[in-house]
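Read through the structure below, which is laid out as structure tokens, and then see the notes.
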Amino acid sequence: DDDGNHETPYGDDRPYIDTGTLGFGLGVFHQIKHLRFTGARTTNSTINLSGANQAINCEIVNTGTGSTPKALSIGTADQQSLVIGCDLKCIGGYAAYGAGASQQLKLIDCNIHDSVIGIIIGRKLTCLRVNIFNCDTGITQYSTGSNLKVKDCNFYSCDAGVTSNVLTTARNMLVVNSIFMNCGKGIALDSGTPHKTDYINYNCYYNNTQDIEGGLTYGPDDIQADPKFKSPDTGDFSLAPSSPCIAAGLRMDRQVGEGL
């Protein structure tokens, strides 16, 4: 409750809803918050955000193992949905799905984990302070014209961190201030060629099979070093005081006129 009279529930204190083989869909301009959802859908999602929705401090899980199960899906085109402080997991499929040519999603302070694909997006995806771990693929950029922004994120123990399957150069990819550790591939173009608007810099790579590939190149301020996560295997991606990543990123909160 956000009225100031009660403490906000977290973790297992949040009310629990078992959707079974059914899903829960939100109409446009709706919000869900402080809830836990578990479903067992085989082809659809536990939660569907139809457009301009918000999910705040929720746990959304799909344990289904069919052809295309999803924990969270994005519906109505050209209306960005916002997901804040949520935990998303889909054992047999997609933690967050919006592969249509006009789907838009923004995630802030979320955990995406233990899924075949963490996030697949068509039109526009912004990830800010998102931990993506134990996924086959962390993020996949899917449609021509898509716009991908990844800032201050951690990718840990994924077969691939960030990939693009866009066949043309009509797309943008920005990956900054992010850490890739114990992954097969860090950042990769699985199809297409690098675009002049791609910006990949101020990232840290450690113990990956291949940090960056598909014609992409390291940024001039990228580093290859142990980031010294405190306890990544238990989901704690905070940095130890001796981490080389502290104060090594690009500050992105300055306003026009503040100077350097």
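In this text, all values refer to a predicted model and were calculated from it rather than measured experimentally.
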Would Leu105 and Lys124 satisfy side-chain contact (heavy atoms from CB on, under 4.5 Å), going step by step from the backbone distance to the final call? CA-CA 6 Å; Leu105 178 63; Lys124 182 179 180 180; over 6 Å; no
Pair Asp198-Leu174, side-chain contact (heavy atoms from CB on, under 4.5 Å): steps then yes or no: CA-CA 6 Å; Asp198 291 336; Leu174 180 147; over 6 Å; no
What do the steps show when you test Lys149 against Thr126 for side-chain contact (heavy atoms from CB on, under 4.5 Å), and what is the final call? CA-CA 5 Å; Lys149 296 180 180 179; Thr126 299; 4.2 Å; yes
Show your reasoning for whether side-chain hydrogen bond (donor to acceptor under 3.5 Å, both in side chains) applies to Tyr97 and Gln103. CA-CA 9 Å; Tyr97 182 91; Gln103 267 63 21; over 6 Å; no
Let me see the working for Lys185 and Asp211 under salt bridge (Lys or Arg N to Asp or Glu O under 4.0 Å), right down to the final yes or no. CA-CA 6 Å; Lys185 297 183 289 188; Asp211 293 337; over 6 Å; no
Residue pair Ile119, Cys127: steps toward the side-chain contact (heavy atoms from CB on, under 4.5 Å) verdict: CA-CA 10 Å; Ile119 309 167; Cys127 289; 3.8 Å; yes
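In this structure, Cys135 SG and Phe155 CZ are separated by 9.5 Å, a value rounded to the nearest 0.5 Å. Taking NZ of Lys228 as the reference point, atom CD1 of Ile246 lies at 10.5 Å (rounded to 0.5 Å). The SG atom of Cys183 sits 8.5 Å away from the CG atom of Asp159 when rounded to the nearest 0.5 Å. In this structure, Cys153 SG and Ile179 CD1 are separated by 10.5 Å, a value rounded to the nearest 0.5 Å.
Panel note: side chain Thr68, backbone Thr43; a donor-acceptor pair is recorded below 3.5 Å. In this structure, Arg36 contributes its side chain and Arg14 its backbone to a donor-acceptor pair below 3.5 Å. The backbone N or O of Asn172 sits less than 3.5 Å from a side-chain atom of Gln141, completing a donor-acceptor pair. In this structure, the side chain of Asn62 engages the main chain of Lys70 through a donor-acceptor pair within 3.5 Å. Panel note: side chain Thr234, backbone Ser231; a donor-acceptor pair is recorded below 3.5 Å. Judged by distance alone, with hydrogens and angles left aside, the side-chain atoms of Asp222 form a donor-acceptor pair with the main-chain N or O of Asn203 at under 3.5 Å. Ser50 contributes a side-chain N or O that, together with a main-chain N or O of Val28, makes up a donor-acceptor pair within less than 3.5 Å. No donor-acceptor pair under 3.5 Å is formed between the side chain of Ser115 and the backbone N or O of Gly118. Side chain of Thr21 to main chain of Arg41: no donor-acceptor pair is present (N/O by atom type, distance under 3.5 Å, no hydrogens or angles). Thr137 contributes no side-chain N or O that, together with a main-chain N or O of Ile139, makes up a donor-acceptor pair within less than 3.5 Å.
Counting heavy atoms from C-beta on, the side chains of Met173 and Ser164 come closer than 4.5 Å. Looking only at side-chain heavy atoms (C-beta outward), Ile56 and Val83 stay at 4.5 Å or farther from each other. Side-chain contact between Pro69 and Asn44 is absent, with no heavy-atom pair separated by less than 4.5 Å. Using a 4.5 Å heavy-atom cutoff, the side chains of Pro220 and Asn201 are in contact. Using a 4.5 Å heavy-atom threshold, the side chains of Phe24 and Asn48 count as separate.
Tyr94 pairs in a side chain to side chain contact (heavy atoms under 4.5 Å, CB included) with only one of the listed residues (Leu88, Ile117, Val116), which is Ile117. Of the candidates Asn147, Leu148, Ile74, Leu125 forms a side chain to side chain contact (heavy atoms under 4.5 Å, CB included) with just one, namely Leu148. In summary, of the residues considered (Val61, Ile32, Leu72), a side chain to side chain contact (heavy atoms under 4.5 Å, CB included) with Phe37 occurs for Ile32 alone. When each of Asp152, Asp109, Asn177 is paired with Arg129, the side chain to side chain donor-acceptor pair (under 3.5 Å) condition holds for Asp109 and for no other.
Residues Ser45 and Ser73 come closest through the heavy atom pair OG-OG, 2.8 Å. The nearest pair of heavy atoms linking Lys106 to Ile108 is CE-CD1, 3.9 Å. Closest non-hydrogen pair, Ser243 versus Pro227, comes out as OG-O, 2.5 Å. Between Asn57 and His34, the shortest heavy-atom distance links the atoms ND2-ND1, 2.9 Å.
A donor atom on one side chain and an acceptor atom on the other are not found under 3.5 Å apart for Tyr16 and Glu59. Counting only N and O atoms by type, the side chains of Tyr156 and Asn134 include no donor and acceptor under 3.5 Å apart. Residues Asp236 and Ser238 bring a donor and an acceptor atom of their side chains to less than 3.5 Å of each other. Checking Thr163 against Thr140 by side-chain atom types alone, a donor-acceptor pair falls below 3.5 Å. Side chains of Asn53 and His30: a donor-acceptor N/O pair is absent below 3.5 angstrom, by distance only. Residues Ser157 and Asn182 bring no donor and acceptor atom of their side chains to less than 3.5 Å of each other.
Between Phe237 and Phe229, the ring-plane angle classifies as perpendicular under the 30° and 60° cut-offs.
Placement of Met181 and Ile112 in two distinct hydrophobic clusters is found when ILVMFWY residues are connected by side-chain heavy-atom separations under 4.5 Å, directly or transitively. Put simply, Tyr206 and Phe180 are part of two different groups of oily side chains (I, L, V, M, F, W, Y) that touch within less than 4.5 Å, one to the next. Under a hydrophobic clustering in which Ile, Leu, Val, Met, Phe, Trp and Tyr are joined whenever their side-chain heavy atoms come within less than 4.5 Å, directly or via other members, Ile223 and Ile200 fall into different clusters. Hydrophobic clustering (side-chain heavy atoms under 4.5 Å, transitive across Ile, Leu, Val, Met, Phe, Trp, Tyr) keeps Leu107 apart from Leu128. Side-chain heavy atoms closer than 4.5 Å link hydrophobic residues (I, L, V, M, F, W, Y) into clusters, and following such links, possibly through other members, connects Ile47 to Leu35.
Under the rule for a side-chain contact (heavy atoms from CB on, under 4.5 Å), the partners of Asn111 that lie at least two apart in sequence or sit in another chain are Asp87, His113, Asn131, Phe133.
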